[in-house]
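Everything on this sheet refers to the single structure shown next.
Residues take their numbers from the sequence shown, with the count starting at 1. Just follow the structure's listing: the first ligand is 1, and inside any ligand the first atom is 1.
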Amino acid sequence: MLVTENFSLAAATVAFAQVVLSLHRSLTKNRMTETVTSFQSLGLSEPLLKTIAEQNYTQPYPIQQAAIPAILKGNDVLGIAKTGSGKTAGFVLPILESFQNRAHAKNRHITALVLVPTRELAMQIGAVFQTFGEKLPRKVKTLAVFGGVSINPQMISLQNVEILVATPGRLLELISFKALSLSETRILVLDEADKMLNMGFADEMRDIFYLLPKNRQSILFSATLGDEVDQINKNQLRNPVRIEIEEEELDIELIKQTGYYVDPDRKGPLLRYLIKSREMKQVLVFVSATRTADNLVEKLRKNGIDATAMHSKKSQGARTEALNKFKSGKLNVMVATDLASRGIDIQFLPFVINFELPRSPKDYVHRIGRTGRAENPGEAISLICPEDVHHFNIIQKKMGKRVEMMESYDIELRGF
Ligand code: AMP
């Protein structure tokens, strides 16, 4: 049964929609996406191209199209781009390439330094260097160091390291122990510079800049270009190539949105009914708490539906494995919290289900936006309990679009 809501959506705020309708699908200002560029044309050598193909990177992302040639030429680069844009490979690939003709520096003298705000990012980038460095004829030892763990093993591992990925505090600690030197560093990468500053690393960054030689290549990535980041840009970068990745605006009209009114005790069965009766092969289910995610996964599995939870309490390894299975279609259902879902890099999903609504309308649009694609729009379904009705009305008003609502009391849910 179709139920229509009775409020006016005419006053929906356009400004709000413009702010929130941004997704990870990116596009450069100069419309680089319109020309198809291959990795082969970017100046990378055969062994790297082989690994790129093995990683199923078929085409360079816009930031890679711009950053790889610029970095290979030795230019400084200022990149305004978020996680998900492909920025990591954008600097990892040309840096590894540049090492192929580079002599080894003295032991414990770091040639390329990548400064990052968090331990997670350090490990992630370290792993990308390992992956792409594996097949190169000229081996390059890379290490990721960060605080919160014992420093001694890191000091020992620094032996012969040429590329170091580090958080600022731990880097300075290691320097104070004379475990490494930056006096011969040729390349500096500042990744997520805005986050580094927000986390209070401004002083440490200044100390590190002071220790680095002036004659070096500097690459700065930041999601935003605020005053502080711009200051670093002006003081540390020399005539940088500026690359800006704009987030493509999503047309909300492309997304098929539906909702079911449902009593709380019928929510689980309704979810399973929808997944089974609609034969959903790839569905991202959103919940608001880690525990709900785990419980839901357990129930789905008991009912023969292949599901995994994605939340902050899962290890990085478990998350990556689940994501890869989900992306390749081997896992039908991923149950995620909003926080975990931000790291999920999937360009398009046929189904998103809001098992629980997010608190903020912005998160709602972020969730459903994953299904919006011109040629083949997916569907976003929200399960609405009586206590959610008011909140869902607010979300619809802010979004400026009414969601088609259905009753579910007449759906036979026995057996689900
Ligand atoms: P990043 O923004 O660097 O964190 O990258 C986001 C995700 O995009 C990572 O999971 C990468 O493995 C993936 N990725 C980066 N470049 C490409 C590419 N050219 N083709 C396919 N996937 C890519």
* Asked: Does the ring of Phe99 carry Arg102 above it, NZ/CZ under 6.0 angstrom from centre and within 45° of its axis?
  -> yes
* Asked: Should Ala89 be counted as touching ligand 1, given the test is an N or O pair under 3.5 Å?
  -> no
* Based purely on interatomic distance, does Ser85 place a nitrogen or oxygen under 3.5 Å from a nitrogen or oxygen of ligand 1? -> yes
* **Lys139 (side chain) donor-acceptor with Glu134 (main chain) under 3.5 angstrom** => yes
* To do: Could you say whether the N/O atoms of Gln59 and ligand 1 ever approach to under 3.5 Å?
  => yes
* Structure fact -> For Gly86, the ligand 1 atoms with a heavy-atom partner under 4.0 Å come out as 1 (P), 2 (O), 3 (O), 5 (O), 15 (C)
* With only distance considered, is Tyr61 within less than 3.5 Å of ligand 1 through an N or O on each side? -> yes
* Asked: Will you find, in the side chains of Arg186 and Gln217, an N or O donor that is under 3.5 Å from an N or O acceptor?
  -> no
* **Sub-4.0 Å atoms of ligand 1 with respect to non-hydrogen atoms of Phe39** => 19 (N)
* Asked: According to the interplanar angle, ranging from 0 to 90°, do the rings of Phe416 and Tyr273 count as parallel (below 30°), tilted (30 to 60°) or perpendicular (above 60°)?
  -> perpendicular
* **Residues Glu244, Arg242: salt bridge by 4.0 Å N-O rule** => yes
* Asked: What about Tyr57: any of its N or O atoms under 3.5 Å from an N or O on ligand 1?
  -> yes
* **NZ/NE/NH1/NH2 to OD/OE distance under 4.0 Å, Asp363 and Arg367** => no
* To do: Please could you name the atoms of ligand 1 that Thr88 approaches to less than 4.0 Å, counting only its heavy atoms?
  => 1 (P), 3 (O), 4 (O)
